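Reading through the C-alpha cells given below for one structure.
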Amino acid sequence: MSAPHFRKADRGDVASIAALLAEDDLGQHREGAPLQSYLDAFDRMSSQPGNIVVVGVIGDEVVACYQLTLIEGLSRGGARRAQIEAVRVAARQRGAGIGRLALQDVEKRARAAECGLMQLTSDRPREAAHRFYESLGFEATHLGFKRTL
C-alpha cells in the first residue's frame, strides 16, 4: 500500500469526510445529517482564517481526515495553539500507519504556523485512540467539559 498524500480538503471531499466521520462506533450515533448540512459547515469553516480540513488520499480515495484550527491566545505567553479535531482513518486502512502520518502532517503545519502547542480532545470510550495519541507524545493533562446546546 502506498502512503497517503495530505492536502487541504475541498468541497468535493465533503461526502467522503462525512462517511469517515460516520464510520466508527460513536459516529454511527451522532453523524448522518443530510449532506447539505456538512457542505454548509464546510463553507462556514472555509471562510474562517486558520480553520482547515485536511484529507489523506491514496489515488483518488480519501482514507483519512482531520480538522486543524489555529487559536490565538494570551496564556502561555501568547502562544498560538493548534487545535486538532475529527481525526479519522478509514476502517479498512487502520493499523497501516496512516494515523501516525496524519499527526505528523498536523505537526508540520502547526510548526509552520508557529504554534507553541498542539491539543486535541478524544471521547472517553476511544481507549485505543488514547493509547495512540500517547504513543505520539500527547499527554492527558486536562479534564475537558462539553455542554450540548
Side-chain angles (χ1 to χ4, degrees), residues 1-72 80-113 115 117-149:
M1 173 181 62
S2 60
H5 165 72
F6 290 92
R7 62 168 172 77
K8 186 176 175 183
D10 59 45
R11 209 166 191 271
D13 297 316
V14 173
S16 296
I17 295 166
L20 286 177
L21 295 173
E23 189 176 52
D24 68 12
D25 291 340
L26 294 176
Q28 290 173 11
H29 301 289
R30 62 183 179 202
E31 302 297 339
L35 179 59
Q36 190 60 50
S37 296
Y38 294 97
L39 290 167
D40 292 345
F42 183 83
D43 291 342
R44 290 189 306 271
M45 292 165 56
S46 296
S47 72
Q48 296 174 330
N51 191 356
I52 64 169
V53 177
V54 174
V55 290
V57 294
I58 297 176
D60 293 332
E61 182 183 7
V62 173
V63 298
C65 66
Y66 67 82
Q67 179 181 349
L68 173 61
T69 307
L70 304 179
I71 303 172
E72 301 296 340
R80 178 179 293 146
R81 287 172 165 71
Q83 177 70 32
I84 309 157
E85 295 285 339
V87 178
R88 297 292 190 284
V89 173
R92 69 183 186 298
Q93 300 283 355
R94 290 184 195 139
I98 293 173
R100 186 170 299 278
L101 293 172
L103 271 290
Q104 288 172 354
D105 189 71
V106 170
E107 184 171 344
K108 178 181 77 173
R109 292 172 191 269
R111 287 184 184 280
C115 292
L117 180 72
M118 294 191 313
Q119 62 187 28
L120 56 83
T121 61
S122 181
D123 287 284
R124 287 183 191 259
R126 296 184 192 268
E127 293 177 5
H130 304 165
R131 288 189 300 276
F132 167 69
Y133 294 131
E134 288 170 349
S135 79
L136 296 175
F138 286 86
E139 298 177 43
T141 59
H142 290 69
L143 179 62
F145 295 89
K146 294 185 181 186
R147 181 176 170 197
T148 302
L149 301 176

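Computed from a predicted structure; not experimentally measured.
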Nearest-0.5 Å distance, CD of residue E139 to CD of residue E134 | 9.0 Å

Out of curiosity, Q67 CD to I52 CD1, how far, rounded to the nearest 0.5 Å?
-> 9.5 Å

Under the side chain to side chain contact (heavy atoms under 4.5 Å, CB included) test, which residues partner R124, sequence neighbours left out?
-> L143

Can you tell me how far the OG1 atom of T121 sits from the NZ atom of K146, to the nearest 0.5 Å?
-> 3.5 Å

Describe, in one word, how the ring planes of Y66 and F6 are oriented to each other, choosing from parallel (under 30°), tilted (30 to 60°) and perpendicular (over 60°).
-> tilted

Looking only at heavy atoms, the pair that brings C115 and L70 closest together is SG-CD2, 3.6 Å

Could you list the donor-acceptor pairs under 3.5 angstrom formed by side chains in residues 84-91, with sequence neighbours left out?
residue	atom	partner	partner atom	Å
E85	OE2	Q83	NE2	2.8
R88	NE	D24	OD2	3.3

Taking the side chain as every heavy atom from C-beta outward, state whether V55 and S16 have any atom pair closer than 4.5 Å.
-> no

Student check: side-chain heavy atoms of V54 and R109 closer than 4.5 Å = yes

Give, for atom CD1 of I17 and atom CD of E31, the distance between the pair rounded to the nearest 0.5 Å.
-> 11.5 Å

Please indicate whether E127 has more than 12 foreign heavy atoms, meaning atoms of other residues, nucleotides or ligands, lying under 6.0 Å from its CD.
-> no

Of all heavy-atom pairs between A64 and I98, which one has the smallest distance, and what is that distance?
-> CB-CG2, 3.7 Å

Side chains of D13 and R7 in contact at under 4.5 Å (non-hydrogen atoms) = yes

Heavy atoms, side chains only, cut-off 4.5 Å: are S135 and R100 in contact?
-> yes

Spatial distance of atom CG (L120) from atom CG (L136) [nearest 0.5 Å] | 9.5 Å

CZ (R126) and OH (Y133) are apart, to the nearest 0.5 Å, by 8.0 Å

Of all heavy-atom pairs between F42 and D10, which one has the smallest distance, and what is that distance?
-> CZ-C, 3.6 Å

Which heavy atom in Y38 sits nearest to a heavy atom in A33, and how many Å separate them?
-> CE1-O, 3.3 Å

Flag yes if more than 12 heavy atoms outside E72 fall under 6.0 Å of its CD atom; otherwise flag no.
-> yes

Side-chain (H130) to main-chain (D123) donor-acceptor, under 3.5 angstrom | yes

side-chain hydrogen bond (donor to acceptor under 3.5 Å, both in side chains) partners for H5, two or more places apart = none

